[in-house]
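Letters go in sequence order (proteins before strands), and every chain restarts at 1.
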Amino acid sequence: MSQKIQSIRGMNDLLPQDADVWQHLQAIAAEVFAAYGYRELRVPVVERTDLFKRAVGEVTDVVEKEMYTFEDRGGESLSLRPELTAGIVRAGIEHGLLYNQQQRVWSSGPVFRYERPQAGRYRQFHQLDVEAFGLPGPDVDIEIIALAARLWQRLGVSGFRLQINSLGTPESRLRYRAALTDYLRSHEAALDDDSQRRLASNPLRVLDSKVPATREIVTHAPSLLDHLDAESAEHFIALRRGLDLLGIGYQVNPRLVRGLDYYTRTVFEWTTDQLGAQDAVCAGGRYDGLVAHLGGASTPGIGFAIGMERLIALMNLQQAPVPAHAPQIYFCRFGLQAETAAVALAEQLRDEWPALRLVLNAGGGKLGAQLKRADASGARFALILGDDEAAQRTVQVKSLRGEGEPVSIGWPDLLQHLAPRLGLSATVPIDITE
RNA sequence: GUGGGCGUAGCUCAGUUGGUUAGAGCUCCGGAUUGUGAUUCCGGAGGUCGUGGGUUCGAGUCCCAUCGUCCACCCCA
């Protein structure tokens with residue numbers, strides 16, 4: 001078993017029986033994004049390592065210990081993308097999309113992080129990403145949060161908790177950091193080991209510690225929101241007012257600190273209590289400094305990423321409705337003449353209804369075996385064409401789902417007969433001439 | 001990187017204090033007057049018991065290692 005060829009740890013195959021829900025998610029997401037004027041932007045899976053270091057932050061866990069980094073044959077250090085925003089910003093700058101203009105874009109695809117897999121966490125996972133550039137005001141913050149809310153509604157998933165916070169500007173954050181560090185130092189002995197370490201490297205991270213003793217201390221820590229600059233405070237109030245107006249429920253969580261360095265002002269997170277420990281399904285925020293930091297003209301930005309595996313897990317758990325992709329018709333055929341006639345008939349049906357899902361039996365087999373396959377395929381109707389039918393130029397239409405008795409239909413009438421049963425419209429009478 | 005649970009047929013699992021040719025259900029294939037599925041009956045195929053060592057007359061069962069997997073921590077979508 002250990003020598004068997006198998007997939008890389010944490011990198012999963014998507015099997016046909018699970019593909020329907022993914023296709024549905026992608027289709028609905030594309031629709032919702034388009035409904036808000038967002039257009040797709042695709043970027044490579046591999047970028048220069050340096051891009052991610054600069055965008056995500058040198059001292060973050062993602063960069064320090066989770067990136068798949070390698071040298072290409074030219075000796076250049078490349079990395080599999082651990083998130084989508086960095087590549088999108090790079091592409092935006094490179095193609096002049098972010099210079100003095102507004103852009104609304106979305107992207108999706110696999111991202112890679114070298115972590116121990118667990119429920120809702122994989123080494124290759126997939127994100128849906130939405131970004132808006134060149135829009136500094138809270139109106140667009142409200143817009144993308146509303147967009148996410150609409151996506152949940154369209155997909156038929158619920159039970160989320162939306163938490164929001166403001167990190168202010170880099171300057172106000174620095175002032176807060178000083179105040180927080182002072183406070184935490186006065187309780188340093190009581191903090192857990194991890195938090196003591198973070199006190200030096202990234203004190204804001206202590207805020208969302210899960211250790212009870214540390215949480216207790218943090219409860220009385222100075223609040224980030226009390227240290228906001230006037231403009232950020234105003235921005236945050238406008239955001240809250242906008243969400244209230246739309247009737248989108250949220251909780252202000254002053255201890256919500258996002259993991260990546262580039263966030264400024266608005267940050268938010270949609271979580272669920274239905275997926276185990278990895279509860280964040282969608283998270284994002286504003287990153288007004290990132291574009292300039294990566295070498296572009298100073299351009300505000302805001303965006304979020306959805307963990308598709310987590311959202312899919314939630315859809316499955318809540319049994320969100322997903323359109324079936326099972327065939328509508330399974331075409332059974334046997335006998336020399338009949339088999340040939342069936343091919344022509346099947347092709348004519350496909351000509352008439354391009355969206356029709358019809359499986360033509362292949363590999364022979366007795367009628368019983370073919371009907372068994374028909375049933376297993378999930379098809380609603382079986383068409384049966386044997387030598388007897390071929391001689392009479394008819395085909396038997398048989399319901400596999402208890403919708404009446406089998407009937408014999410002449411070839412020219414087949415379209416007319418099937419149309420109402422499958423909710424399709426028939427226009428041209430079928431004509432088979434051999 | 002740390003900790004815990006679990007690895008027996010394609011899938012879900014039995015397998016008693018170590019004891020003969022390792023079982024069941026589902027799936028698949030075939031059959032029940034030769035052209036009618038999903039129900040029923042009969043039959044068949046399918047397993048180096050994750051891998052490698054060790055203890056023993058004898059190991060799926062005990063011990064060690066290793067790999068895989070699941071869950072949690074760290075962190076994150």
Side-chain angles (χ1 to χ4, degrees), chain A residues 1-10 12 15 17 56-57 59-67 81-85 108-130 148 192-195 197-198 202 205 208-211 257-260 268-272 275-285 303-314 330 332-335 338 361 363 365-390 396-402 405-406:
Chain A
M1 208 62 157
S2 59
Q3 281 138 18
K4 237 181 197 169
I5 294 183
Q6 52 187 350
S7 70
I8 304 303
R9 181 207 295 271
N12 303 123
L15 304 181
Q17 64 257 35
V56 176
V59 297
T60 56
D61 276 23
V62 168
V63 164
E64 277 183 337
K65 45 184 224 194
E66 294 175 3
M67 277 214 292
R81 59 186 183 192
E83 52 116 58
L84 295 173
T85 304
S108 82
V111 297
F112 303 84
R113 294 184 195 174
Y114 189 86
E115 302 181 274
R116 287 286 285 271
Q118 72 185 69
R121 163 186 296 165
Y122 310 99
R123 288 185 172 181
Q124 173 177 319
F125 63 105
H126 298 76
Q127 290 189 334
L128 279 170
D129 208 69
V130 171
D192 62 281
D193 293 350
D194 272 339
S195 295
R197 221 175 309 121
R198 290 194 204 112
N202 194 351
R205 294 235 59 94
D208 55 9
S209 169
K210 287 178 183 171
V211 179
V257 181
R258 307 242 22 72
L260 313 182
F268 58 91
E269 197 168 279
W270 298 84
T271 58
T272 172
L275 292 182
Q278 306 308 319
D279 59 358
V281 173
C282 170
F304 66 72
I306 292 169
M308 293 179 76
E309 279 80 359
R310 292 181 187 176
L311 183 51
I312 297 270
L314 209 55
Y330 191 100
C332 305
R333 51 167 172 156
F334 50 92
N361 185 76
K366 297 167 44 174
L367 178 58
Q370 292 194 33
L371 280 168
K372 221 167 175 177
R373 292 175 200 153
D375 187 42
S377 76
R380 201 167 144 200
F381 294 100
L383 297 186
I384 299 168
L385 181 49
D387 289 331
D388 296 353
E389 286 82 359
Q396 189 184 139
V397 179
K398 178 185 170 82
S399 165
L400 298 169
R401 312 291 154 207
E405 293 303 304

So which nucleotide from [options] ends up closest to the side chain of [X]?
X      : options             : answer
A:D388 : B:G35, B:U69, B:G1  : B:G35
A:Q127 : B:G37, B:A77, B:C74 : B:A77
A:R116 : B:G37, B:U2, B:C74  : B:U2
A:A119 : B:G68, B:G37, B:C71 : B:C71

Rounding to an integer number of angstrom, what distance separates [N] and [M] when you compare their [atom1] atoms?
N     : M     : atom1 : result
B:A22 : B:U36 : C1'   : 39 Å
B:U21 : B:G58 : P     : 14 Å
B:C41 : B:C49 : C1'   : 32 Å
B:C42 : B:A24 : P     : 13 Å
B:G43 : B:G23 : P     : 15 Å
B:C26 : B:A9  : C1'   : 12 Å
B:C6  : B:C13 : P     : 13 Å
B:G60 : B:U8  : P     : 15 Å

Less than 4.5 Å apart, side chain to side chain, heavy atoms only: is that true for [X] and [Y]?
X      : Y      : value
A:R401 : A:D375 : yes
A:Q396 : A:E389 : yes
A:L84  : A:L128 : no
A:E83  : A:V56  : yes
A:E405 : A:S399 : no

Within the 4.0 Å heavy-atom criterion, would you say [X] contacts the bases, only the backbone, or no part of the nucleic acid?
X      : answer
A:G276 : sugar-phosphate
A:E389 : base
A:L311 : nothing
A:E269 : nothing

Rounded to whole angstroms, how far apart are [atom1] on [X] and [atom2] on [N]?
X      : N     : atom1 : atom2 : result
A:R121 : B:A72 : CZ    : P     : 9 Å
A:L15  : B:C11 : CG    : C1'   : 12 Å
A:E309 : B:A77 : CD    : C1'   : 9 Å
A:I306 : B:A77 : CD1   : P     : 12 Å
A:R310 : B:C76 : CZ    : C1'   : 6 Å
A:Y122 : B:C70 : OH    : P     : 7 Å
A:E115 : B:A72 : CD    : P     : 13 Å
A:L383 : B:G35 : CG    : C1'   : 16 Å

Symbol by symbol from the 5' end, with Watson-Crick or G-U pairs under 3.5 Å, [ ] crossing and | another strand, RNA chain B is (((((((..((((.....[...)))).(((((.......))))).....(((((..]....))))))))))))....

| Sub-4.0 Å heavy-atom contacts from residues 277-284 of chain A onto RNA chain B, ordered by number |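 Close to the strand are A:A277, A:Q278, A:A280, A:V281, A:C282, A:A283.
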
Kindly say if A:Q396 contacts the phosphate of B:U36, meaning a side-chain N or O under 4.0 Å from OP1 or OP2.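 Checking A:Q396 against B:U36: no side-chain N or O falls below 4.0 Å of OP1 or OP2.
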
*Hey, what do you get for OG (A:S108) to CE (A:M308), rounding to the nearest 0.5 Å?*
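So the gap between those two atoms works out to 5.5 Å.
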
| query | About how many Å separate CD of A:E66 and OG1 of A:T60, when rounded to the nearest 0.5 Å? | reply |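 The OG1 atom of A:T60 sits 8.0 Å away from the CD atom of A:E66.
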
Partner set under salt bridge (charged side-chain N to carboxylate O under 4.0 Å, His left out) for A:D129, not counting sequence neighbours:
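With sequence neighbours excluded, A:D129 shows a salt bridge (charged side-chain N to carboxylate O under 4.0 Å, His left out) to no residue whatsoever.
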
A:I8 or A:G368, whichever maps to the more 5' nucleotide of RNA chain B
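In this pair, the answer is A:G368.
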
*Given that A:L367 and A:V62 both sit by RNA chain B, which one's nearest nucleotide is further toward the 5' end?*
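Result: A:L367.
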
Backbone N or O of [Y] within a donor-acceptor pair of the [X] side chain at under 3.5 Å?
X      : Y      : result
A:R333 : A:N361 : yes
A:R310 : A:G120 : yes
A:R113 : A:K65  : no

Give the minimum heavy-atom separation between [X] and [Y], together with the two atoms involved.
X      : Y      : value
A:C332 : A:Q370 : CA-OE1, 3.0 Å
A:A379 : A:L400 : O-CD1, 3.5 Å
A:Q124 : A:P110 : NE2-CB, 3.7 Å
A:L385 : A:A390 : CD1-N, 3.7 Å
A:G303 : A:F268 : O-CZ, 4.2 Å
A:A280 : A:T271 : CA-CG2, 4.0 Å

Worksheet item: Quick one: is the NZ or CZ of A:R123 closer than 6.0 Å to the six-membered ring centre of A:Y114, and within 45° of its axis?
Response: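 Yes, A:R123 sits over the ring of A:Y114.
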
Between N or O atoms, less than 3.5 Å apart, protein on one side and nucleotides 5-8 of chain B on the other: list the pairs.
none

Discussion item. According to a cutoff of under 5.5 Å between the ring centres and under 30° between the ring planes, does A:F334 stack with the base of B:G35?
Written reply: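 Base of B:G35: not stacked against A:F334.
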
query = Can you find a side-chain donor-acceptor pair between A:Y122 and A:N12 that sits under 3.5 Å?
reply =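 No.
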
Polar atom pairs between nucleotides 41-44 of chain B and protein, under 3.5 Å, N or O only, would you list them?
none

Using nucleotides 27-33 of chain B, report all nitrogen or oxygen pairs with the protein that are shorter than 3.5 Å.
from	atom 1	to	atom 2	distance (Å)
B:G31	OP2	A:K366	NZ	3.4

